[in-house]
Amino acid sequence: MQPEVRPFRHAATATWSYVVSDPRTRAAAIIDPVLDFDLYSGRCGGAAADEIAAVVRDRRLTVEWILETHAHADHLTAARRLQAGLGGHIAIGSGIRDVQRAFAALLDLEPEFVTDGRQFDRLLEDGENLALGSLRVQVITTPGHTSDSLSYLIGDAVFVGDSIFLPDSGTARCDFPGGDAGSLWASIQRLYGLPPATRVFVCHDYAPGGREPRCETTIAAERAGNIHVRDGTAAAEFIALRRSRDAGLDLPRLLYPAVQFNIRAGRPPPPAASGRSWFRLPCHGAGDPGP
Ligand SMILES: [Fe+2]
């Protein structure tokens, strides 16, 4: 039995989220759900998450898992919001602890912020299997973009997060704290070792050249034609390409709020005395601090 995969496109962040379900038992996992967020006002919105919840309810699915492929830097996660309405356990790779440590230091987070991953319901290791009705979710660690990056193999479908994108779009950046192009190359080799007919579902598609956004390809198509790593690409060649591209990239627009929200498993920072929560943003290069 193969899983049913329902993709959801979040246009503002070019993110693909998924509801993956077992046709036999109607058990479901939600992968990488997005919370709407307006950077100018700091206001969160649930339209994208509500669309997912509506499909889950219409199809009478039981959400067992809400799975993050990594702590995202370009959108806020709707994991917590969806859990409140639908249940399920929020899981992420155990490498989240490294990501929490790195960003707690970088952002001068509050001393009470703990970096042992306890904000999540479950921390996952390479090779673990999660039950999803009569299916199983196999955890494959695929670090490189971040140190907590995972792929989830469910039947004939693999959800690769930010590692490979569609063949015409190459691979994910590796310049965040804990990122490493050599690790990504090794992770991609693992993915390319899956059966060639395996369906590949990506986390982002930026639709180059004005083509329609897409979310799905196969391992065979990636190995034949990925513009950054295909069969025969040497590690050194990929690493040099990835590093030179990363050197020219801007930071993601939502980097600071996204990281602060996502390493807390989809919760806002603790409220200030006013009762309001705030995101931190660095102030570089403005000279000496004032009195
Ligand atoms: Fe990412």
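Remember, it's 1-based here, ligands and their atoms both numbered in the order they're listed. Fair warning: this is a prediction, and the values are worked out from it, not measured in the lab. Computed from heavy atoms alone, side chains included, the values below leave out hydrogens, waters and symmetry copies.
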Check: Under the ring-ring contact (aromatic ring centres under 6.0 Å, His included) criterion, do H145 and H70 qualify, and how do the steps go?
Finding: CA-CA 9 Å; H145 171 63; H70 61 293; 4.8 Å; yes

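In this structure, Y18 and F201 have perpendicular ring planes: the angle between them is above 60°, well past the 30° mark.
Distance check, rounded to the nearest 0.5 Å: CG of D175 to CG of D180 gives 11.5 Å.
Among the atoms of H204, none of the N, O or S atoms falls under 2.8 Å from the Fe ion (ligand 1).
Summary: NE2 is the N/O/S atom of H70 found nearest to the Fe ion (ligand 1). Within D162, OD2 is the N, O or S atom that lies nearest to the Fe ion (ligand 1).
With a 4.5 Å cut-off on side-chain heavy atoms, D148 and D98 do not count as touching.
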